[in-house]
Colleague: 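Right, I'll just put the structure down here and ask away after.
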Amino acid sequence: MTTLPDDDPFAVLENSRVASVLRRLYSEANRQHLSIIRHFLPHTLSYLRRRFMPFSENEMSGFYADKYIAIVEDQGAFAYLTARALRARTVVEFGTSFGPSTLWLAAAVRANGGGRVVTTEIVPDKARIARQHFEDAGLADLIDVREGNAIDSLATDPSDIDFVLNDGFPMRALDIVKLLAPRIRPGGVVLTDDVGGFRGNYKGYLANMRDRANGFDSMLITLKGGTEYSVRR
Ligand SMILES: C[S@@+](CC[C@H](N)C(=O)[O-])C[C@H]1O[C@@H](n2cnc3c(N)ncnc32)[C@H](O)[C@@H]1O
């Protein structure tokens, strides 16, 4: 009798050192779920009605300062495989946090033969700890961590972008995509987290991405209750 293999998202990774750091980081991240659910409890009705959820930029250095709020493991594996399919060499990430998503992306770039992942984080302590995680995984040489507001740190480069993970806070998602769109190569992909869960906050973003005049073909895929998948025309 043959047994089916497990649906283990980490199985896509050939690099066992990266997989082991990622497992460690996800076990820390997943322990924070309860406090995040508690934080959103007062807004359950808005969430269910897909209305705007209050999200203040002050929270970046407040409630969220020690929170991973990472893409889930399946999104990471999906991002990894997409970056592999694109043979991505130049990747941009809005929102490093403590770095799990960056590791998925850098692992793909390494497997593609090298390149760089430019990632952006406004909270200095998060950037510092993420850098340590990148060292631990042996991928630091591929990752350019830019501290400060991503709107400034991504203002002029890189160009010829193959893949963007748009995973900062919702209020800046559209500004970031507008900033980067002219520098994303045709066929390049933008993956945007939490669009399903924060539908009310992403209204303007979705309207932009679904209008072909703005340069993308785009749809919501079901990962984590709704991740926007956009391909540069
Ligand atoms: C959802 S978390 C990123 C999670 C990460 N991509 C992962 O999956 O592991 C969003 C991060 O974006 C950062 N951020 C929010 N607005 C920013 C901005 N304007 N510039 C740079 N970083 C920002 C926040 O501090 C936070 O750590």
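Index from 1, following the sequence. Counting starts at 1 for both ligands and their atoms, following the listed order.
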Colleague: Flag the pair Leu191 / Phe163 as yes when at least one side-chain heavy-atom distance between them is below 4.5 Å, and no otherwise.
Modeller: yes

Colleague: Treat each ILVMFWY residue as a node, draw an edge where side-chain heavy atoms are under 4.5 Å apart, and state whether Ile71 and Val189 are in one component.
Modeller: yes

Colleague: Determine, using heavy atoms of Ile176 and all atoms of ligand 1, whether some pair is separated by less than 4.0 Å.
Modeller: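 It does not; every heavy atom stays at 4.0 Å or beyond.
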
Colleague: Among all protein heavy atoms in this structure, tell me which lies nearest to atom 20 (N) of ligand 1, with the distance rounded to 0.1 Å.
Modeller: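 Heavy-atom neighbour on the protein nearest atom 20 (N) of ligand 1: Ala150 N, 2.9 Å.
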
Colleague: Tell me the protein heavy atom at minimum distance from atom 1 (C) of ligand 1, and give that distance in Å.
Modeller: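 Protein heavy atom at minimum distance: Ile69 O, 3.2 Å.
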
Colleague: Among all protein heavy atoms in this structure, tell me which lies nearest to atom 12 (O) of ligand 1, with the distance rounded to 0.1 Å.
Modeller: Gly95 CA, 3.3 Å

Colleague: Counting only heavy atoms not in Arg23, do more than 12 sit closer than 6.0 Å to its CZ atom?
Modeller: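 Enclosed.
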
Colleague: Can you confirm if the aromatic rings of Phe40 and Phe63 lie within a centre distance of less than 6.0 Å?
Modeller: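 No: the rings miss the under 6.0 Å criterion.
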
Colleague: Tell me which protein heavy atom sits closest to atom 7 (C) of ligand 1, plus the residue, atom name and distance to 0.1 Å.
Modeller: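 Closest protein heavy atom to atom 7 (C) of ligand 1: Ser101 OG, 2.9 Å.
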
Colleague: How close does the nearest protein non-hydrogen atom get to atom 8 (O) of ligand 1, and which residue and atom is it?
Modeller: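 Answer, as residue, atom name and distance: Ile71 N, 2.7 Å.
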
Colleague: Knowing that exactly one of Arg131, Lys126, Arg128 qualifies, which makes a side-chain hydrogen bond (donor to acceptor under 3.5 Å, both in side chains) with Glu147?
Modeller: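 Result: among Arg131, Lys126, Arg128, Arg131 is the only option passing the side-chain hydrogen bond (donor to acceptor under 3.5 Å, both in side chains) with Glu147.
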
Colleague: Testing Glu28, His33, Arg31 for side-chain hydrogen bond (donor to acceptor under 3.5 Å, both in side chains) with Tyr68, which one passes?
Modeller: Glu28

Colleague: Nearest protein heavy atom to atom 10 (C) of ligand 1, by residue and atom, and its distance?
Modeller: Asp167 O, 3.2 Å

Colleague: Quick one: which of Glu121, Met60, Lys67 has a heavy atom closest to atom 26 (C) of ligand 1?
Modeller: Glu121

Colleague: Give me the residue, atom name and distance of the protein heavy atom closest to atom 18 (C) of ligand 1.
Modeller: Phe94 CE1, 3.4 Å

Colleague: Would you mind running through ligand 1 and noting each atom that sits below 4.0 Å from a heavy atom of Asn149?
Modeller: 18 (C), 19 (N), 20 (N)

Colleague: Of all the heavy atoms in Gly76, does at least one lie under 4.0 Å from an atom in ligand 1?
Modeller: no

Colleague: What is the ring orientation for His39 with Tyr64, classed by angle as parallel under 30°, tilted 30 to 60°, or perpendicular over 60°?
Modeller: perpendicular

Colleague: Which ligand 1 atoms are under 4.0 Å away from a heavy-atom of Ala70?
Modeller: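 That gives atoms 7 (C), 8 (O), 9 (O) of ligand 1.
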
Colleague: For the side-chain hydrogen bond (donor to acceptor under 3.5 Å, both in side chains) test, which of Thr120, Asn166, Thr102 pairs with Glu93?
Modeller: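 Between Glu93 and the candidates, side-chain hydrogen bond (donor to acceptor under 3.5 Å, both in side chains) is satisfied uniquely by Thr102.
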
Colleague: So is Phe98 in contact with ligand 1, going by heavy-atom distances below 4.0 Å?
Modeller: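 Distance cut 4.0 Å: Phe98 fails for ligand 1.
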
Colleague: Let me check something: do Leu142 and Phe98 share a hydrophobic cluster, defined by ILVMFWY side-chain heavy atoms less than 4.5 Å apart, either directly or through other members?
Modeller: yes

Colleague: Nearest to atom 22 (N) of ligand 1, what protein heavy atom do you find, and at what distance?
Modeller: Ile122 N, 3.2 Å

Colleague: Relative to the heavy atoms of Val123, which atoms of ligand 1 are at a distance of less than 4.0 Å?
Modeller: 25 (O)

Colleague: Testing Arg232, Arg84, Arg185 one by one against Asp162 for a salt bridge (charged side-chain N to carboxylate O under 4.0 Å, His left out), which residue passes?
Modeller: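 Passing option: Arg185.
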
